[in-house]
Asker: 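Take this structure, written in structure tokens, and hold onto it; I'll ask about it next.
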2 protein chains.
Amino acid sequence: MSLPNDPLDPALAALFRPVRAGNALEETMERMLQAIRLGVVPPGGQLPPERELSSRLGVSRVTLREALRALQESGHVESRRGRYGGTFVRVPSSDPLPAPDRDAIEDTLTLRYALETGAAELAAARSLPPATRRHLRGCLADASAAGIDHYRRTDSRLHLAIAEATATPSLTAALADVRTRLNALLAAIPLIPANLTHSNAQHKTIIDAILDGDATAARAAMAEHLAGTAALLRGFLA
Amino acid sequence: MSLPNDPLDPALAALFRPVRAGNALEETMERMLQAIRLGVVPPGGQLPPERELSSRLGVSRVTLREALRALQESGHVESRRGRYGGTFVRVPSSDPLPAPDRDAIEDTLTLRYALETGAAELAAARSLPPATRRHLRGCLADASAAGIDHYRRTDSRLHLAIAEATATPSLTAALADVRTRLNALLAAIPLIPANLTHSNAQHKTIIDAILDGDATAARAAMAEHLAGTAALLRGFLA
DNA sequence: CTCCAATGGATCGAAGGCGCTCCATTGCTG
DNA sequence: CAGCAATGGAGCGCCTTCGATCCATTGGAG
């Protein structure tokens with residue numbers, strides 16, 4: 001009649017995980033940093049007005065402003081008052097991220113594999129509207145043209161664009177999360193020009209397959225692309 | 001220098017989504033209901049002690065107890081005091097779930113496709129420990145033996161077991177979430193014996209492929225299995 | 001029979017977060 | 001040059017949630 005609660009069924013552990021990601025303030029800061037680090041809001045770019053942001057994040061304006069004030073003091077953003085004022089992203093900001101442990105690395109890489117290969121396949125299987133096709137090509141061009149400074153930001157945007165192409169908000173959100181975790185890992189290893197060239201070629205293969213509507217090829221190309229990054233990370237962080 | 005915030009970049013929407021799932025109390029209730037509905041804690045089974053649960057859920061005991069009291073009044077659980085007391089799951093409880101809209105259906109089914117096919121492939125690609133192999137066979141047998149009353153619970157457990165077999169906590173958690181959303185959809189359509197037989201055959205194919213270590217076959221079998229459910233749902237809820 | 005350990009039950013003060021309202025600044029518009 | 005609109009800045013009272021502590025109940029252990 002009673003369960004063996006000692007080793008605790010892994011299914012239970014999955015369901016009885018923490019309900020809230022902790023402090024609302026910290027979580028808000030984390031989100032804003034995500035947007036900056038992923039390059040979704042580029043350096044110099046303007047964040048949405050506080051009233052809109054707080055509403056989107058489901059957080060009071062008071063809390064949002066506390067988060068923004070902290071980011072201001074840490075030099076990530078800058079606020080200007082008055083009409084046509086706003087909050088702006090300041091620097092490319094190379095913040096040191098905490099080094100994750102081995103289990104967390106495998107967890108991140110495995111979840112990433114499932115989500116990104118799935119997204120690539122699904123994007124290829126859909127009939128993409130012209131605007132989406134343009135966006136994909138644009139992100140690909142940006143990533144190819146990016147020097148070492150902007151590479152990871154444009155790379156993140158390209159991968160996010162693929163997720164968006166599936167028109168599945170949950171999938172995009174999940175992938176944005178895992179991407180943030182991945183960037184935390186990538187921050188700990190050097191960016192080698194040879195890898196960059198290699199990645200660009202793979203990106204082109206992936207996007208071509210998606211635009212061609214070849215789901216199998218898109219999945220395979222993505223899998224190969226991810227394997228490269230995964231091997232690199234395991235090598236540096238093992 | 002400023003962003004086109006009007007239609008709002010979908011990537012921004014993905015990042016600037018709500019920080020907290022709302023009320024801590026409601027979220028806690030939802031989690032407990034998940035555990036009950038997914039059959040992770042079977043009818044008559046005992047929940048972990050309040051102190052442990054509140055700690056796992058990252059919620060104060062006060063809040064957890066409020067949630068439990070609500071579930072008690074709705075007849076889902078029952079509490080007994082004293083040593084060897086505890087909180088126990090009461091009935092199979094057929095609660096009516098709110099009907100989701102069309103976009104939510106596609107969102108759920110698409111995310112599910114990405115996660116479940118990924119999980120099947122990854123589980124097959126791993127070298128599974130004996131205990132995991134046994135667990136998979138056990139869940140398969142339970143689902144096959146289950147009558148119409150217990151089918152969806154055992155089915156949920158089987159799919160969760162596949163996710164657990166990947167040894168990737170994030171993936172298991174994500175899949176548990178999407179499964180809950182799926183069950184909300186399934187609750188709105190009838191369970192047809194013919195589908196049940198068909199599903200059981202597909203389950204066997206999937207598990208066999210996983211135990212054989214045939215990743216490609218596992219993915220394909222899972223994709224076919226999901227297509228059946230998806231078509232059924234689209235048919236009934238379109 | 002007594003004690004004890006494990007569980008649920010209850011209360012209180014402190015902190016976090018929210019909704020609301022009003023203020024301050026700025027630059028375009030007429 | 002005066003007004004206005006859009007933005008950031010700041011304060012107040014309320015509700016939720018938390019952490020800690022103590023109480024109540026129960027059944028086995030000694």
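Every chain is numbered from 1, with letters handed out A, B, ... down the list of sequences.
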Asker: Side chain of B/Arg51: nearest nucleotide among D/dC22, D/dT17, D/dG8?
Answerer: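 The listed nucleotide nearest to B/Arg51's side chain is D/dC22.
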Asker: Expressed in angstrom and rounded to an integer, what is the separation of A/Leu71 atom CG from D/dG8 atom C1'?
Answerer: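 Distance, rounded to whole Å: 15 Å.
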Asker: It should be established whether A/Arg65 places a side-chain nitrogen or oxygen under 4.0 Å from OP1 or OP2 of nucleotide D/dG9.
Answerer: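 For D/dG9, OP1 or OP2 has a side-chain N or O of A/Arg65 closer than 4.0 Å.
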Asker: In this structure, how many angstroms lie between the P atom of D/dG8 and the CD atom of A/Gln72, rounded?
Answerer: 11 Å
Asker: If the test is side chain to side chain donor-acceptor pair (under 3.5 Å), which one of B/Glu73, B/Glu66, B/Gln72 qualifies with B/Arg69?
Answerer: B/Glu73
Asker: Is the shortest side-chain N to carboxylate O distance from B/Arg153 to B/Asp142 below 4.0 Å?
Answerer: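 B/Asp142 and B/Arg153: not salt-bridged.
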Asker: Can you figure out which of C/dG9, D/dA10, D/dG11 approaches the side chain of A/Val62 most closely?
Answerer: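 Nearest nucleotide to the side chain: D/dG11.
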Asker: Do the side-chain N or O atoms of B/Thr63 get closer than 4.0 angstrom to the phosphate oxygens (OP1, OP2) of D/dC18?
Answerer: yes
Asker: Rounding to an integer number of Å, can you tell me how far A/Arg80 CZ sits from D/dA6 C1'?
Answerer: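 It works out to 14 Å between those atoms.
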Asker: For B/Leu25, report the nucleic acid contact type (base, sugar-phosphate, nothing); a contact means any heavy atom under 4.0 Å.
Answerer: sugar-phosphate
Asker: Taking the six-membered ring of B/Phe16 (Phe, Tyr or Trp), confirm whether the NZ or CZ of A/Arg31 is under 6.0 Å from its centre and within 45° of its axis.
Answerer: no
Asker: Quickly work out the A/Arg61 CZ to C/dC22 P distance and round it to whole Å.
Answerer: 14 Å
Asker: Write down the distance between CG (B/Leu57) and C1' (D/dT17), rounded to a whole number of angstrom.
Answerer: 14 Å
Asker: Which nucleotide sits closest to the side chain of B/Arg83: C/dC18, D/dC18, C/dA6?
Answerer: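 Nearest listed nucleotide: C/dA6.
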Asker: I want to confirm an ordering. Mapping A/Val59 and A/Tyr84 to their closest nucleotides on DNA chain C, which one lands closer to the 5' end?
Answerer: A/Val59
Asker: Between atom CG in B/Leu64 and atom P in D/dT16, what is the gap in whole Å?
Answerer: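 Those two atoms, CG and P, are 18 Å apart.
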Asker: May I ask you to evaluate whether B/Asn23 reaches the phosphate of D/dT17, defined as a side-chain N or O under 4.0 Å from OP1 or OP2?
Answerer: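 The answer is yes; a side-chain N or O of B/Asn23 sits under 4.0 Å from OP1 or OP2.
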Asker: Let me know the distance between CZ of B/Phe88 and P of C/dA6, rounded to the nearest Å.
Answerer: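 It works out to 16 Å between those atoms.
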Asker: With nearest nucleotide decided by heavy atoms, which residue, A/Arg81 or B/Arg69, maps closer to the 5′ end of DNA chain C?
Answerer: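 Looking at DNA chain C, the more 5' nearest nucleotide goes with B/Arg69.
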Asker: Need to verify one output field. Residue with the more 5' nearest nucleotide on DNA chain D, B/Gly58 or A/Gly82?
Answerer: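 Counting from the 5' end, the first nearest nucleotide belongs to A/Gly82.
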Asker: Salt-bridged, A/Arg37 to A/Glu30, with N to O below 4.0 Å?
Answerer: yes
Asker: I'd like to know if A/Arg102 pairs up with A/Glu106 as an ion pair, taking the criterion as any Lys NZ or Arg NE/NH1/NH2 lying under 4.0 Å from an Asp or Glu carboxylate oxygen.
Answerer: no
Asker: Ignoring the backbone of B/Ala24, work out which of C/dC18, D/dT17, D/dG9 is nearest its side chain.
Answerer: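 Among the listed nucleotides, the one closest to the side chain of B/Ala24 is D/dT17.
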Asker: Ignoring backbone atoms, establish whether B/Thr87 has a side-chain N or O less than 4.0 Å from OP1 or OP2 of C/dT7.
Answerer: no
Asker: Please report the distance, rounded to the nearest Å, between CD in A/Glu50 and P in D/dA10.
Answerer: 10 Å
